[in-house]
2 protein chains.
Amino acid sequence: MDRTDRRLVAALRADGRASYAELARAVGLSASSVHERVTKLETAGVITGYRAVVDPVSVGIGVTAIVGIEPGENGQDDPIAAALDATPEVESCYQVAGDNAFVVVVRVADIEELSQVLGRLRAIPGVARTRTTVVLSTVFEGRPRPDRPPTDGGS
Amino acid sequence: MDRTDRRLVAALRADGRASYAELARAVGLSASSVHERVTKLETAGVITGYRAVVDPVSVGIGVTAIVGIEPGENGQDDPIAAALDATPEVESCYQVAGDNAFVVVVRVADIEELSQVLGRLRAIPGVARTRTTVVLSTVFEGRPRPDRPPTDGGS
DNA sequence: ATTGAAATTTGGTCGCC
DNA sequence: GGCGACCAAATTTCAAT
């Protein structure tokens, strides 16, 4: 993971369909060198996949909610995590410190579906209660952090 | 947005680098038809981009926190949103209902950097306080919802 | 809209530096 | 590690339907 690798990762985070020729121009190497580096980054697990980013409204999941999952007194985390994993409306699932064992991001078509999903989340064994925060608007999301220039050690 | 478009979007959400030839095989059309459809989905704003998914630890952002931003009595939302946008460590920003005006996802290298970023967030004019939840582990994240088969009207 | 065919570009492998 | 060359495969354009 030298500077070139970091620049390649940053470029692919910004445009996951960039061609090796484009990446080569961006980092000043040949396409075959870039190909070898990117392959290594993929096999090393640094790059875990590529995804199209989609307008949620267009694909029928225009309503987003952030839901805290509070477990009961002696609730185990693992079966709760498995139940959340089995709920397709749960897009992301974080195990967290604090009152909630988990915070999940739920995406659904409308408020009615949100209500149904929240009912299912509450019905998960070991879940004592849920705390739901409805998203009014997504200001921005999943933004790639720009590649930071190497720290200048000072003059 | 017919059934074929939805299948293309689902396929590209699962693999953003899928070739047109692969997509064509998946939906049973020619590569050129798929190309035209995907181009239209892009220009229509249904597909907004393509991103490489990266292991956060490998790129030096192994610590994630979910931070609620509570505004003051007469704090305006727009300048707060602009300040959050100008903070590169803020990966996602949601305007929400409830006590917090915003919930943001922060990604940083370590707890020390988290502390610094939280200080900067609290220093944003109009922000009364922040509520931070540290992520202990990411169970899953940004999972594409599988394409749902068309609703059977029943027999 | 979809297609097949044509022209261009890219992906992926190899030997060499 | 990086490079240029190579060939198979893909992207992209286009006229016809």
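At a threshold of 4.0 Å, the pair A:E91-B:R145 does not count as salt-bridged, since none of the basic side-chain nitrogens sits closer than that to a carboxylate oxygen.
The listed nucleotides are C:dT3, D:dT11, D:dG4; the one nearest the side chain of A:S30 is D:dG4. Of the candidates D:dT12, D:dA10, D:dG1, D:dT12 carries the atom nearest the B:H35 side chain, counting heavy atoms from C-beta on. Ranking C:dA1, D:dA10, D:dG2 by closeness to the B:S19 side chain, first place goes to D:dA10. Closest to the side chain of B:R25, from the set D:dA10, D:dG1, C:dA1, is D:dA10.
As rounded to whole Å, 14 Å separates atom P of D:dG1 from atom CG of A:L8. What separates CD of A:E22 from P of C:dT9 is a distance of 12 Å, to the nearest Å. Regarding A:R37, its CZ atom lies at a distance of 8 Å from the P atom of D:dG1, rounded to whole Å. Summarising the geometry, the separation between OH on B:Y20 and P on D:dT12 is reported as 5 Å, rounded to the nearest angstrom. The CG-P distance, from B:L29 to C:dG4, rounds to 10 Å in whole Å.
For B:R17 and A:Y20, the positive end sits near the middle of the six-membered ring, less than 6.0 Å away and at most 45° from its axis. Relative to the ring axis of B:F102, B:R131 does not place its NZ or CZ within 45° and under 6.0 Å from the centre.
Nearest-nucleotide mapping onto DNA chain C: of A:A21 and A:S32, the residue sitting toward the 5' end is A:A21. Residue A:K40 is the one, among A:R17 and A:K40, whose nearest nucleotide of DNA chain D lies closer to the 5' end (criterion: closest heavy atom).
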